[in-house]
Amino acid sequence: MFAATRSVSAAAKLAQAARLASARFNSTLVLVDPSTGALPAGTLNAVSAATQLGHPITFVVPAASQAAAQPLIDNLQPLAPAKILVAANDALAAHPTTPELIAPLVADAAKAAGATHVVGTTSAFAKDVLPRVAALLDVQAVSDVTGVVDKDTFTRPIYAGNAIATVKSKDAIKVLTVRPTAFAPAAPGSPAGAPVEVVAGATAPGAASEFVKEELVKSDRPTLDAAKVVIAGGRALKSADNFKILYDLADKLGGTVGASRAAVDAGYADNSLQIGQTGKVVAPQLYIGCGISGAIQHLAGMKDSKVIVAINKDAEAPIFQVADYGLEADLFEAVPEMTNKL
Ligand SMILES: Cc1cc2nc3c(=O)[nH]c(=O)nc-3n(C[C@H](O)[C@H](O)[C@H](O)COP(=O)(O)OP(=O)(O)OC[C@H]3O[C@@H](n4cnc5c(N)ncnc54)[C@H](O)[C@@H]3O)c2cc1C
């Protein structure tokens, strides 16, 4: 009798383990930034990376309610997800994108979905949320993934992009941010009717932080991460007004303007335009660096550009080592001349 009971309970345990294993079989969660109803830049690239993991994709959208998330849900349907989870909490109506609120919701959604992978694009939003999610799940986050070797193994740049580390995660749930410029954007098809499920947040909102206000830089130009042409200016520009010559060139080429940290620190350009290790990573078709020396921390943000052009009056400037085309010239003469010739 005793032996029989034991064997039943062993069988029950086996069945439970099998259920858990199969619950974990099919599940990659892709975190979506809910701050606009539009598909945020980088989500399509994160979908490509997530597709390489070989599982159907479930989107997780943090929102106050399903109704609040509906515009975004409509935009996600053409990507043919298996499911769309709304990680809902009323508090997000007043405090959108607050990571302390969102991380527990996403961690709960990952548990509810039996996720093996939670993926976000390397953006300020996901960099804020996903390490918190990893800590709540008691796993190690892997940041800024540039390649998927297999479902446990990833490549990521270290030392400002001067070495590529291949890391293997032994965690049950892999929490990843992926570098958008390393993955082609997924192509949306016709809208599919994936089921939408609401996972209400069990976690009570803490008062640790609150959303006060945001100040967005308004621009008609393409965003830095989406632009095919980037004209970047450095300390040599000497003033914010002088950046106008870069904007004139960018307008002719249908591109946008970026900056080095020295230019940002000096107040010549807004912080959102900074390219580099502590700014944005861009990989446009054409990058033109004007009066930028090419410090290692700047190169970390642009050296994967398809064609790099450098304009600098110092022939020894390190940027010439990564430039496909270099022009040793005074930018205040060369840039307007280029603009006129286009
Ligand atoms: C932890 C850390 C993180 C950092 N993160 C970043 C980052 O994300 N992004 C970043 O950019 N930097 C970053 N930096 C700073 C970086 O080290 C450099 O200081 C910075 O990139 C230099 O900017 P710059 O090239 O504009 O200026 P400079 O190095 O001063 O170079 C100016 C260049 O302009 C040239 N020049 C001057 N006048 C003219 C002219 N009239 N015509 C043509 N050329 C001219 C000069 O020959 C020179 O090469 C970081 C530094 C640290 C320590």
Side-chain angles (χ1 to χ4, degrees), residues 41-42 121-128 143-144 146 156-163 165 177 179-182 217 223-227 229-250 253 255-284 286-305 308-341:
T121 190
T122 305
S123 64
F125 170 74
K127 285 195 287 184
D128 229 359
S143 63
D144 215 15
T146 50
R156 57 182 300 270
I158 55 173
Y159 305 132
N162 283 293
T177 55
R179 182 178 282 205
T181 53
V217 177
T223 59
L224 205 47
D225 21 23
V229 177
V230 172
I231 321 289
R235 197 196 309 268
L237 266 293
K238 291 206 187 95
S239 77
D241 288 345
N242 286 342
F243 261 74
K244 184 173 180 310
I245 58 171
L246 304 190
Y247 282 107
D248 291 344
L249 180 56
L253 294 169
T256 198
V257 169
S260 72
R261 176 153 149 186
V264 169
D265 287 351
Y268 309 159
D270 187 80
N271 183 259
S272 62
L273 301 188
Q274 184 180 317
I275 294 170
Q277 186 188 356
T278 44
K280 300 227 165 74
V281 175
V282 299
L286 173 63
Y287 162 100
I288 307 180
C290 309
I292 289 184
S293 59
I296 184 173
Q297 297 90 350
H298 185 78
L299 300 184
M302 45 59 76
K303 68 178 159 58
D304 291 333
S305 304
I308 298 175
V309 175
I311 304 173
N312 197 305
K313 63 181 186 187
D314 173 10
E316 303 297 318
I319 196 156
F320 285 128
Q321 288 165 22
V322 297
D324 299 289
Y325 302 95
L327 182 61
E328 188 191 331
D330 186 329
L331 75 94
F332 292 106
E333 288 163 19
V335 174
E337 196 180 325
M338 272 174 85
T339 309
N340 285 337
K341 290 206 165 133

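Indexing begins at 1, ligand by ligand and atom by atom, following the structure's order.
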Sub-4.5 Å side-chain heavy-atom contact between P157 and T146: yes

Is there side-chain contact between I245 and T339, with heavy atoms separated by less than 4.5 Å? no

State, with a plain yes or no, whether a side-chain heavy atom of N242 is found less than 4.5 Å away from one of Y268. no

Any heavy-atom pair between the side chains of L246 and C290 that's under 4.5 Å? yes

Any side-chain heavy atom of T122 within less than 4.5 Å of one from V281? no

In chain-and-number order, ligand 1 lies under 4.0 Å from a heavy atom of each of G234, R235, A236, S260, R261, A262, Q274, I275, G276, Q277, T278, G279, G291, I292, S293, A295, Q297, H298, N312, K313, D314, A329, D330, L331, F332

Test item: I231 and V335 side chains (from C-beta on) under 4.5 Å apart, heavy atoms: no

